[in-house]
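Please read the structure below before turning to the comments.
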Number of protein chains: 2
Amino acid sequence: MKLKTSSPTISDVAKKAKVSIATVSRVINGKTPVVPETAERVHRAIKELQFVPRTAAQVLASRKTNTIGLILSEIGGAFFPHLLKGIEAETRTSGYELLIHSTQGAHDNQRKPLGEHNTDGLLVFTSSLSLDELGRLHDIQFPVVLMHQTPPREINVPVITIENKDGAVMLIDHLIEMHGRRQIVYMRGPEDHEDSEWRERGYREALEMHNIPINPNLIVTGGFDEEQSFAAMQKLIRDGIQFDAVFAGDDDAAIGAYRALKNAGRLIPDDVAVVGFDDVQFSRYLSPALTTVRAPIEEVGREAVRQLIRLLNGQQAQSLTLMRTEMIIRESCGCKFQEGTSLSKNI
Amino acid sequence: MKLKTSSPTISDVAKKAKVSIATVSRVINGKTPVVPETAERVHRAIKELQFVPRTAAQVLASRKTNTIGLILSEIGGAFFPHLLKGIEAETRTSGYELLIHSTQGAHDNQRKPLGEHNTDGLLVFTSSLSLDELGRLHDIQFPVVLMHQTPPREINVPVITIENKDGAVMLIDHLIEMHGRRQIVYMRGPEDHEDSEWRERGYREALEMHNIPINPNLIVTGGFDEEQSFAAMQKLIRDGIQFDAVFAGDDDAAIGAYRALKNAGRLIPDDVAVVGFDDVQFSRYLSPALTTVRAPIEEVGREAVRQLIRLLNGQQAQSLTLMRTEMIIRESCGCKFQEGTSLSKNI
DNA sequence: GCGCTTTCTGAAAGCGCTTACATAAGTATA
DNA sequence: TATACTTATGTAAGCGCTTTCAGAAAGCGC
């Protein structure tokens, strides 16, 4: 009866299988041919000893971490699970691990972020990484893929994002053409949020195409956040600004708008039509059900991983991938459906 | 002009600072005293070389990975972000990294799960880890904390879960006492789901306390899933089973119930009261707003990390932590609120 | 001034793997 | 049968750190 304090190492396996540790390594990694008979012995030894190779040792020796890092500013938010799901799935099927890091709240003092020292490549969502760091990674040619963020000119890094502008145009067109709205509020997202900027661009273009002048009073900041847009909408109402529709920037902001409008006794969509962006889970359950734009978030995640892996394999990656968006018409824009369908799936 | 192909190592720093690598290591880890002047030189060298220690080398040499693993069966689901947020935050503030692994879909062939080889300890959500593996980890005394799952007797591992039974009792009591309902359906979760079992126990106890016999016809399976509970509810209606209230098991199932009831022309809450469990984000936006039980998911995550870290530090951990639940009364039970408040926060 | 303790620093031995490189068979070629 | 390839395995040199151990330097009391 032998006592082993710590878990078995590769040499325990080698001893038991009567081979060298190199051979054990080879059967584990399966890259170099090993006589089936020998391999079988090794496998048995591994099984019996319940041997699992230390990741750190493998990483150190092979100089590849076999993991992908994901950096985002905040976990939570209605669309986060979708994104993560896509990323997770694609990462797994590609045989990589996933390390997640959120830069939420105050930037930690001493914590070193994800980078060359612990990942093979990085996925970065919106502007969760400083430009300095991004530049540094680019300088050392570390593989990075950006999601929903375009880097500065000099930093040439693949980007996956969605057709924000087209989505916004569809929405505004619909409000104008189908429902005759002309005084449409746009509630921006946070400062420097690229999605928000493109949506605003779409808003402006659509108005211009219909020869409707842009009224600066109708562009306010909702911060892609329920509370903030609630406040913004309240102020708009208090200030007596006239409007007959609201493009809320995203679905979270739409909820804030709903609350403010209902509190003020305005009927949605009769007095004011409201549209959102993202099609998060709850949108279809609002009453009235929210007209919005569906963004293929999960697919963004998958595609980002795919591109990153191309980079890891030394292949060329697509420098810009634009995912198509789709308008989801429900009731808040003024469209009518039969009674009871507001809760039905996907409508 | 010197070219360095790969990134600097600790000896580059040592050379530049004119100290030994041991000293560099010491100033990095800050555990052993170093003369301020020397430390300053080292810090400068680190800055200039942009040195970041390789995690793998540190892990290998120190035999601690400094990371915590999280295993769950599926990413996605309305309460996942909350859980992750709590875990993430607490992990960071404790100075650990977080590795996430979902066992969703078919169990991957060759992928080695999280374990001793790449983490210092594991967080396991519901039954996402096989009992075999759990037993093995327990045998080698590997730190593990379970969430929403009680292990078999012989495996003594800390558990964090919520007051499922109490929550259910509150709900059922409320339906009976405040709204006079007596024919209450319970829609179970998935097979072997511990949360579901406790909720059912609460359901039964509450009925018994009011001397209402349990009617087996009223206990059906909704699977904590919208589609499945939609189908189950439809069947119930088609079969002509009489009931005046539904305890949906969780909020996702409540949505399925809503749809089926509305399709059948039954009024909520007049004909049938509906209550859920979890208080996920969309619950308050349903119409009528859903009466449910709030589970402190984020806090479950935080607490799980705290307990795991106690284990990592060799301290005793709480073997069972039960988080209090709170009933959130809205409208779907039959309670009345003023017009327009259904969208207001937290009601 | 001399031994003693107390700090600080360096030398060097690993941590557990991967991977050239070397070697030993085995097979085909002439 | 000698020669040149193949192919399977072993040998050993790291990968880039942490940490033990020991020695040098500095402070202290007498």
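Here the structure is a predicted model, which means the values were calculated and not measured. Every chain is numbered from 1, with letters handed out A, B, ... down the list of sequences.
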Does the side-chain hydrogen bond (donor to acceptor under 3.5 Å, both in side chains) test come out yes or no for A/Arg54 and A/Ser7, once each step is laid out?
-> CA-CA 10 Å; A/Arg54 308 268 125 192; A/Ser7 32; 2.6 Å; yes
Output yes when at least one side-chain N/O atom of B/Ser25 is less than 4.0 Å from OP1 or OP2 of D/dC17, else no.
-> no
Touch check for A/Ile21, heavy atoms < 4.0 angstrom, all strands: base, sugar-phosphate only, or nothing?
-> base
Only one of B/Glu194, B/His148, B/Met147 clears side-chain contact (heavy atoms from CB on, under 4.5 Å) with B/Thr126; which?
-> B/His148
Is the A/Phe125 ring parallel, tilted or perpendicular to the A/Phe79 ring (thresholds 30°, 60°)?
-> tilted
B/Lys64 NZ to C/dG16 P: how many Å, rounded?
-> 16 Å
Which of B/Asp132, B/Val144, B/Val124 passes side-chain contact (heavy atoms from CB on, under 4.5 Å) with B/Leu137? It is B/Val144
In terms of the nearest nucleotide of DNA chain C, which residue is placed more toward the 5' end: B/Ala57 or B/Pro33?
-> B/Pro33
Counting only distance, no hydrogens or angles, is the base of D/dG10 paired donor-acceptor with the side chain of A/Arg26 under 3.5 Å?
-> yes
For DNA chain D, whose closest nucleotide is more 5', that of B/Thr23 or that of B/Ala56?
-> B/Ala56
Can you tell which of C/dC17, D/dG10, D/dT18 lies closest to the side chain of B/Asn29?
-> D/dT18
Value in whole Å for how far the C1' atom of D/dG10 lies from NZ of A/Lys15 = 16 Å
Protein-nucleotide distance (A/Lys31, atom NZ; C/dC17, atom C1'), rounded to Å = 17 Å
Give one of base, sugar-phosphate or nothing for B/Val34, where a contact means two heavy atoms less than 4.0 Å apart.
-> sugar-phosphate
In the structure shown, which nucleotide is the Watson-Crick or G-U wobble counterpart of D/dC21, with both distances under 3.5 Å?
-> C/dG10
For B/Val24, report the nucleic acid contact type (base, sugar-phosphate, nothing); a contact means any heavy atom under 4.0 Å.
-> nothing
Ignoring backbone atoms, establish whether B/Ser20 has a side-chain N or O less than 4.0 Å from OP1 or OP2 of C/dA11.
-> no
Rounded to the nearest angstrom, tell me the gap between atom CD1 in A/Ile10 and atom C1' in C/dC17.
-> 6 Å
Can you check the A/Arg63 CZ to C/dG16 C1' distance for me, whole Å?
-> 14 Å
Tell which nucleotide pairs with D/dC28, taking only Watson-Crick or G-U wobble pairs whose two distances are both under 3.5 angstrom.
-> C/dG3
Taking B/Asn66 for the side chain and B/Gly95 for the main chain, is one N or O donor matched with an acceptor at less than 3.5 Å?
-> yes
How many Å lie between CD on B/Gln58 and C1' on C/dG14, as a whole number?
-> 16 Å
Starting at CZ of A/Arg54 and ending at P of C/dT18, how long is that distance when rounded to a whole Å?
-> 13 Å
A/Arg310 versus A/Ala317, closest heavy-atom pair with distance = NE-CA, 4.1 Å
Reckon B/Thr38 has a side-chain N or O less than 4.0 Å from the OP1 or OP2 of C/dT9?
-> yes
Rounded to the Å, how far apart are A/Leu60 CG and C/dT19 P?
-> 12 Å
Out of D/dT11, D/dG16, C/dC17, which has the shortest distance to the side chain of A/Ala22?
-> D/dT11
